[in-house]
Amino acid sequence: MSIDYENELNAAQFEAVQHTQGPVLVIAGAGSGKTRTIVYRLAHLVEQGVDPSQILLLTFTRKAAQEMLQRTETILGRSLHGTSGGTFHSFAYATLRMNTHDIGFPNGFTLLDRGDSEAIVRDVRSDLQLGKGDKSYPKKNTLLDMITKSRNKERPIDAIVEQEAYHLASYVEDFETISRGYEEFKKNHALVDYDDLLFRLDQLLSENDPLRNQLQARYRYIMVDEYQDTNRVQARIVQQLAGDSGNVMAVGDDAQSIYAFRGANVANILDFPKTFKGAKIIRLEQNYRSVQPILTMTNHILENAQTKFEKKLFSELPSEQLPEVIYPISDQTQARLVTDKIIELGRKYPLHEVAVLFRAGYQSYHLEVALTRIGIKYQKYGGIRFHEAAHVKDVLCLLRLVLNTHDLMAWQRSLEHIKGVGPKTVNKIYEALHTDGKEKYLRTMRTKHQDLDDLLNELDAIRRNPMKPSAIMERIMTFYTPILTAKYPDDYPKRQAGLEQLGQIAANYTELESFLGDLSLDGDPDEEKRKENAVVLSTVHSSKGLEWKAVIIIDCVEDRFPSKKAMNRPEDLEEERRLMYVACTRAMNSLHLFVPKTIYNRFNGVSEPALPSPFVLELPSHTFSRLREAYSGGMEPQISKKATPAAAGHPSGETAGSSNKPSEKLGFCKHKIFGKGKIIARVEPNKYRINFPGFGLKVIIEDYVELL
DNA sequence: GCCAGAGTCCTTTTT
DNA sequence: GGACTCTGGC
């Protein structure tokens, strides 16, 4: 029983599957059967007699790895026992955990998630008394952003600030001080953040020859998915693991690079042939996912990119139906129109084959309410993660205390449930717990706060007799439930259901430590599999690598998609473009873009006019059909050119079949202050959106610029 | 000195 | 809706 590779793959895919010795780079356009290629290559290796445990599959999410391994098992008809698959981070976590003594944490370490790291940064700042009383001082989120950006891009903080956040230049020294304080805190408390996982692994590999050799010998075949979204450390890790044999396959698509904000470096994919000498390059260009009209449109999105991507995907799937651009009157009515559209699509496809995509997690709120009201099930990806929800963190911190009594973060969170105990008292209690001669203070506190006594007794009891994670979870829940109901009187039933789910996950583990690690690394239990007949709501980032029969993209307006934060720097705007490209290429048969004409501003409670996304304005009008919401409700075709912002962007209107590239047509201009710039689009009747090198995007009234 | 509750501002994307 | 600051009360 053998797989007929040649018939089930196209020529390029077949080549990639056959090429097992030495480095290969597969440039795989959207929907070009990338996953299929990896899956068949895995199967091929195993059929060739490679021991599955010699294969390492690094992907962007744990879910992607599991899916690939599962599909491989299906076509092979046998289990792939021993193959390592997961994210760089989870691989690093597992490897570091087996070598804790070598990285200076003989007693183990605790993994921090984003929230933990932010809390440390906040405390470091307040301990150092930086920016006291300064209301416009950068928030902990921003502080941490600068720190991790600097690490991920491996450039000093001042360089990052200069390039990406010039308005914060006066805080550079503070950033550096806080960064040092943060590093020190982590070191003192045996804490490790996401970035540390990668850097410590890299360091371990380069310093520990025996270990590196051992891992090189073990992982003879390495495959890395989504290579365009790896950063420099990740590339080094691959290099060190692959060693001289260099049996590495990297798969990626430079047009789909959407993680530059986190240090991903497209140069990795471009430099792959240099790093791995003699690398074979294979391009997959036939698209098997989308019908041709959708591809025609997405090719146009790429065409206006500043960095040209040399690819034109083609499809053999015909369709009469053009993608639709729909103009609701407001973002409120958008929710209703989208709901109607979902119902309509639901008659044609199962609901889990319909996805609504958006730029940021909060954008789906209106829609979530509307769906709940009419009883349509949905499943949300992205936005607030399961393990970040306050109540889940509460429970996880209690579990962490079972494992590690030195986990200050966990103490802080757990003790603050106690009335009359705040940050200062927590620190005192923490100290009293860990120093001799402070028993008296502890005893007074225990008598003063019954809740504290209960907590400490409970933890002691659990630690005294070892139990399975699920049993510990059960005891912790008994303890936590009263706190939960008191803290969240409005919605505790919902949260309780989430915690029960957590209990079920715990049942799959024999070790508390790996349960906690997995959860912070990729632990949304809802993401495990698609729920039957639940429409999918997802951020574009979380939609990466997935596909649906029908895709709806909402809020395609300026400041939402592209995000407001990305409007200042041309390279950020370019990433937004690729993001739009990724979003549209998720669609197989049907694609709908919603462009609300007004957006509710919760700051002043007024609905304000919104400009259509430049990525929509640029599209040649022959690539899509246009509908708008009638004031009487329902939809009508958009005929009047003047009434639509889109038409304003296309002076040639309905006959614009020939004006494929509005940006080229609009050309360049000159401004007294900003100098020469490229006109991106015409907005409103009398303004231009112009990209000025060094100044970024501006909207300027036409009278103030001189056309060149 | 420390905690809790009221009042104010701003909301990207993720391992 | 959350994170942060400010202020009154213990």
Side-chain angles (χ1 to χ4, degrees), chain A residues 58-65 86-93 111-115 117-119 122 125-126 131-142 144-145 148-149 151-152 192-199 201 226 229-231 233-234 257-264 357-363 365 381-385 387-390 415-416 418-428 449 488 490-491 517-524 527 538-544 555 559-567 572 575-576 578-580 582-583 601-604:
Chain A
L58 293 172
T59 55
F60 213 67
T61 62
R62 183 181 300 247
K63 188 170 54 128
T87 62
F88 275 90
H89 291 86
S90 64
F91 175 72
Y93 182 68
L111 179 63
L112 301 171
D113 67 17
R114 174 82 192 193
S117 297
E118 285 182 358
R122 182 195 59 207
R125 176 195 153 189
S126 88
K132 238 181 156 181
D134 177 359
K135 270 196 171 174
S136 55
Y137 200 85
K139 310 282 170 263
K140 61 178 168 43
N141 186 31
T142 313
L144 187 61
D145 256 2
T148 91
K149 268 204 171 133
R151 296 197 74 199
N152 279 288
V192 162
D193 68 13
Y194 291 130
D195 303 335
D196 292 330
L197 289 176
L198 303 178
F199 284 101
L201 176 61
E226 309 282 11
D229 284 323
T230 55
N231 60 19
V233 222
Q234 288 170 321
S257 153
I258 54 175
Y259 280 91
F261 73 90
R262 158 182 131 176
L357 306 183
F358 32 85
R359 175 69 244 263
Y362 72 90
Q363 284 168 17
Y365 292 160
Y381 292 65
I384 294 173
R385 326 285 294 173
H387 72 269
E388 284 170 354
L415 294 181
E416 275 167 20
I418 300 166
K419 264 254 183 267
V421 175
K424 298 283 174 186
T425 315
V426 173
N427 283 335
K428 278 193 211 155
H449 302 289
Y488 306 101
D490 300 336
D491 61 351
D518 280 6
L519 218 54
S520 327
L521 281 168
D522 199 28
D524 195 331
E527 287 187 16
S538 175
T539 59
V540 180
H541 282 91
S542 300
S543 77
K544 190 161 89 152
D555 282 351
D559 292 352
R560 295 264 179 118
F561 200 164
S563 156
K564 188 148 114 198
K565 304 248 181 190
M567 301 290 280
D572 288 343
E575 181 147 312
E576 299 288 310
R578 294 190 296 270
L579 210 43
M580 181 59 89
V582 168
N601 181 340
R602 116 165 92 333
F603 183 56
N604 55 17

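In what follows, chains carry the letters A, B, and so on, assigned in the order in which the sequence lines appear, proteins first and then strands, with residues in each chain numbered from 1.
- Each of A:Ile258 and A:Ile418 was matched to the nucleotide of DNA chain B holding its nearest heavy atom; the match closer to the 5' end belongs to A:Ile418.
- When the P atom of C:dG2 is taken as reference, atom CD of A:Glu118 falls 14 Å away, rounded to whole Å.
- In this structure A:Ser90 satisfies the side chain to side chain donor-acceptor pair (under 3.5 Å) test together with A:Thr87, sequence neighbours excluded.
- Checking A:Glu416 against A:Lys564, the closest nucleotide of DNA chain B that is more toward the 5' end is the one next to A:Glu416.
- The separation between A:Asp559 atom CG and B:dC10 atom C1' is 14 Å, rounded to whole Å.
- As rounded to whole Å, 16 Å separates atom C1' of B:dT14 from atom CG of A:Leu112.
- Atom CG of A:Asn152 is separated from atom C1' of B:dT15 by 9 Å (rounded to the nearest Å).
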Test A:Leu58 against A:Gln234 for side chain to side chain contact (heavy atoms under 4.5 Å, CB included), laying out the working first.
-> CA-CA 10 Å; A:Leu58 293 172; A:Gln234 288 170 321; over 6 Å; no
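- Here the C1' atom of nucleotide B:dT11 and the OH atom of A:Tyr365 are 9 Å apart, to the nearest Å.
- Within the 4.0 Å cut-off from OP1 or OP2 of B:dT14, not a single side-chain nitrogen or oxygen of A:Thr61 is found.
- Salt bridge present: A:Glu118 and A:Arg114 bring a charged side-chain N and a carboxylate O closer than 4.0 Å.
- Going from atom CG of A:Leu415 over to atom P of B:dC2 covers 16 Å, rounded to whole Å.
- Note on A:Ser542: every side-chain N or O is 4.0 Å or more away from OP1 and OP2 of B:dT13.
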Contact pattern, 5' to 3', of nucleotides 3-10 of chain C - B, S or - by protein heavy atom under 4.0 Å = SSS-----
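- Note on A:Lys565: a side-chain N or O is less than 4.0 Å away from OP1 or OP2 of B:dT11.
- Distances from the side chain of A:Lys424 to the nucleotides B:dT12, B:dT15, B:dC2 place B:dC2 closest.
- Residue contacts for A:Phe88: at a heavy-atom cut-off of 4.0 Å it reaches no nucleic acid atom on any strand shown.
- When distances are taken from the side chain of A:Thr425 to each of B:dT12, B:dT14, B:dC2, the shortest belongs to B:dC2.
- As rounded to whole Å, 12 Å separates atom P of B:dT13 from atom CZ of A:Arg560.
- Between A:Glu416 and A:Pro423, the closest side-chain pair of non-hydrogen atoms falls below 4.5 Å.
- Of the possible donor and acceptor atoms, one in the side chain of A:Glu575 sits under 3.5 Å from a partner among the backbone N and O of A:Ala260.
- Between A:Phe261 and A:Tyr259, the distance from one ring center to the other falls under 6.0 angstrom.
- The side-chain contact (heavy atoms from CB on, under 4.5 Å) search around A:Asp195 returns A:Thr148, A:Arg151, A:Asn152, A:Asp193, A:Phe199, not counting sequence neighbours.
- Nucleic acid contact class of A:Val421 (heavy atoms, under 4.0 Å, all strands): sugar-phosphate only.
- Listed nucleotides B:dA4, B:dC3, B:dT12 differ in distance to A:Lys419; the shortest reach to its side chain belongs to B:dA4.
- Contact between the side-chain N/O atoms of A:Ser563 and the OP1/OP2 oxygens of B:dT13 is not found at any separation under 4.0 Å.
- B:dT13 atom P lies 9 Å from atom NE2 of A:His541, rounded to whole Å.
- You cannot call A:Tyr194 stacked on the base of B:dT14; the centres under 5.5 Å and planes under 30° rule is not satisfied.
- When all heavy atoms of A:Asn231 and A:Gly263 are compared, the pair lying nearest together is CB-O, 3.0 Å.
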